[in-house]
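Encoded as structure tokens, the structure appears first; notes follow it.
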Protein chains: 2
Amino acid sequence: MYDVAERSGVSIATVSRVYRTPDSVRAQTRERVLEAARQLGYVPSGNARGLASRTTGVLGLCFPDYADPDAEADAEADSDADDAVMLYSDQIIRGMERAARRHGYALLIAASLEGGPESLVAKVAGRVDGFAVLAQTVPTEDLEVISRRLPVVMIAGPREIDHLDHIVVANADGERELARHLIEDHGLRRLAFVGGEVESPDAEARFLGFRQACRDAGLPVPDAPDLRAEMMTQAEGARTAEELLDRDGERPQGVLFANDQMAVGALRALERRGVRVPEDIAVTGFDGIPLSRIVRPPLTTVRQPIRQLGEQAVELLVQRLGNSGSEPVSLMLPVSLIRRASCGCG
Amino acid sequence: MYDVAERSGVSIATVSRVYRTPDSVRAQTRERVLEAARQLGYVPSGNARGLASRTTGVLGLCFPDYADPDAEADAEADSDADDAVMLYSDQIIRGMERAARRHGYALLIAASLEGGPESLVAKVAGRVDGFAVLAQTVPTEDLEVISRRLPVVMIAGPREIDHLDHIVVANADGERELARHLIEDHGLRRLAFVGGEVESPDAEARFLGFRQACRDAGLPVPDAPDLRAEMMTQAEGARTAEELLDRDGERPQGVLFANDQMAVGALRALERRGVRVPEDIAVTGFDGIPLSRIVRPPLTTVRQPIRQLGEQAVELLVQRLGNSGSEPVSLMLPVSLIRRASCGCG
DNA sequence: ATCTAGGGTGAATGCGCTTTCAGAAGAGGG
DNA sequence: CCCTCTTCTGAAAGCGCATTCACCCTAGAT
């Protein structure tokens with residue numbers, strides 16, 4: 001910058017003005033400065049700018065990555081396992097990026113499950129004006145510290161820290177509506193629910209919705225999911241589906257899986273076993289991933305507006321950067337039931 | 001930081017050392033500092049650190065986003081159009097993020113097609129140690145300037161600036177191999193090629209591969225694709241497929257689409273028209289997106305290692321950050337033919 | 001011709017941290 | 001008990017920019 005100033009015969013203050021407030025500089029001077037900058041290959045230092053102006057123009061996102069970056073796993077299995085989280089966090093990223101761009105922000109992302117002063121989380125926190133956290137990716141303790149210095153919004157999951165902004169989708173409502181549809185509209189009475197890990201708050205919320213629907217309909221209310229998947233992948237979906245078939249007793253008339261990935265896996269397993277969907281058994285998912293539309297039969301599911309989660313997160317951050325005093329916000333985004341063939345519709 | 005220093009009874013230099021080189025500080029002192037930092041909610045300023053140390057620990061990525069962020073398009077159409085680019089740039093992002101994390105970097109991303117001193121591109125460039133650019137997202141002129149200050153690697157597309165590192169996939173080789181397979185192994189002679197926009201270097205390279213295969217086999221060598229899609233989407237794939245059917249003259253025995261999205265769209269259009277694949281006509285794609293495995297019939301295609309593109313980009317950047325003197329590198333990643341039912345295999 | 005505005009510019013200060021360069025405090029050897 | 005060698009810590013000088021304040025110049029008003 002000093003070089004540019006010298007070369008164009010102005011002071012560094014003027015060079016700064018050319019970039020910050022172009023209109024406050026005479027057009028002729030401005031051109032001279034820009035030309036000098038071009039010749040010298042000048043790239044303004046974001047660090048210096050940020051330091052001086054106390055703002056970075058960057059928003060951050062921390063998301064989980066279940067895949068070990070050092071693992072050189074078999075390509076096929078790898079891509080399959082990844083799809084589950086990719087479809088989710090990638091859409092968040094896309095949503096945030098889009099909304100951020102609309103507001104003139106760039107997006108700094110890092111996947112991480114660990115905290116501490118050396119972690120990527122700390123690095124991200126120090127370089128952004130505000131940031132979003134996917135549930136269970138940053139230790140609560142770190143969030144406490146960080147949220148004292150800059151706006152933080154929590155996406156999905158439980159509200160670990162009550163003074164943070166928080167966004168979730170209506171998991172329970174969606175699953176409840178889905179179950180109601182199966183019970184009332186299709187007349188199914190023996191339903192099974194396949195859940196996820198106990199630590200998955202989304203899966204738990206969906207199970208709660210299922211319970212409510214059972215209660216609403218006067219059916220027996222289960223205490224826990226009929227089965228839990230280790231990971232919410234297609235492979236686990238297939239496994240649990242088969243386990244359900246092999247169980248003693250009456251076969252359920254319908255199975256609600258806690259997400260689409262598992263439901264898709266189940267569809268394949270059932271086909272292999274010669275069980276017809278939906279004639280012999282209805283199958284549903286949750287998420288509304290693109291895949292759900294394509295499989296045979298097309299999957300009845302609940303669409304969550306994942307991308308909007310990201311967009312709303314940015315909106316909240318931007319809002320809070322504008323006025324930091326207001327009360328913490330807690331948003332719940334609506335979901336929508338998508339009726340397709342796998343439950344007997346269409 | 002001054003507060004932390006005061007509270008823990010040390011100088012700011014020691015606080016700095018606690019974060020930069022923990023081992024150089026006595027354990028007892030270190031604990032005292034960290035405790036004070038926790039109490040005060042201290043978050044180190046990445047800007048100041050970057051300014052002082054002349055390094056950010058962040059890598060950047062600029063990618064195109066064809067969707068206008070202001071558009072509130074119909075959700076269904078929107079998601080379909082997006083899928084094409086999402087599947088690509090999202091995998092790049094994922095690959096880069098993963099590799100970056102392995103090296104201790106965070107990733108700063110921004111979608112943009114414009115340049116200039118006010119653009120997001122400039123902002124990104126000023127905040128990273130090095131960055132990757134997807135072809136045709138940043139004006140060459142800006143790249144010239146930026147690449148004088150920090151390492152830049154170009155992903156896909158033609159090599160616009162010859163002193164930049166550059167990574168592509170073997171588009172031509174892949175399509176050539178694919179066409180060879182159709183010609184030799186399946187005995188097809190009348191093949192049609194559906195290309196993309198003229199400005200799509202990937203699509204053009206694939207067409208070149210197709211030509212080579214024709215030449216190799218002694219078939220007539222076309223000067224241009226039989227048809228060009230406006231955008232490489234499913235909708236355009238369906239449209240071009242129908243146009244091909246409605247043409248006068250002999251129907252082709254096989255159609256090679258420049259990417260999977262179009263091929264999938266074509267599959268649907270052909271099904272609607274009662275044309276059997278592969279019995280009546282063979283169909284192939286390019287990219288190896290997840291969708292290609294799921295459609296009926298499963299799509300014969302060429303898998304490109306998209307995620308590896310991102311990973312390699314990071315590797316190149318990291319390498320160049322280590323020793324900046326070496327010659328510009330140009331990598332071509334191999335692709336692999338995936339034979340599935342849509343060409344008559346399996 | 002003198003005075004007043006007001007746009008355009010420069011000098012100087014500080015943003016919060018890293019990083020020498022010394023100096024202070026312990027640890028051992030003579 | 002003194003001296004040297006480590007180990008640990010502090011003082012101070014920037015890093016490259018934004019921003020305030022003062023200043024100069026030109027143009028219009030008196």
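Order of the sequence lines sets the chain letters (A, B, ...), proteins ahead of strands, with each chain counted from 1.
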Distance-only side-chain donor-acceptor flag, [X] / [Y], under 3.5 Å:
X: B:Arg94; Y: A:Ser89; answer: yes
X: A:Glu315; Y: A:His103; answer: yes
X: B:Arg127; Y: B:Asn47; answer: yes

When you measure only distances, ignoring hydrogens and angles, does the side chain of A:Arg17 come within 3.5 Å of the base of C:dG10 through a donor and an acceptor? yes
Distance criterion of 3.5 Å, no angle test: do you see the side chain of B:Tyr2 paired donor-to-acceptor with the base of C:dC17? yes
Determine whether the aromatic ring centres of residues B:Tyr19 and B:Tyr42 are separated by less than 6.0 angstrom. yes
Rounded to whole Å, the CG-P distance (A:Asp3 to D:dC15) equals 12 Å
Please report the distance, rounded to the nearest Å, between CG in A:Asn47 and C1' in C:dG16. 11 Å
Considering just the side-chain nitrogens and oxygens of B:Thr29, establish if one lies under 4.0 Å of OP1 or OP2 belonging to D:dT9. yes
Using a 4.0 Å heavy-atom cut-off, does [X] contact any base of the nucleic acid, only the sugar-phosphate backbone, or nothing at all?
X: B:Val15; result: nothing
X: B:Gly126; result: nothing
X: B:Ser16; result: base

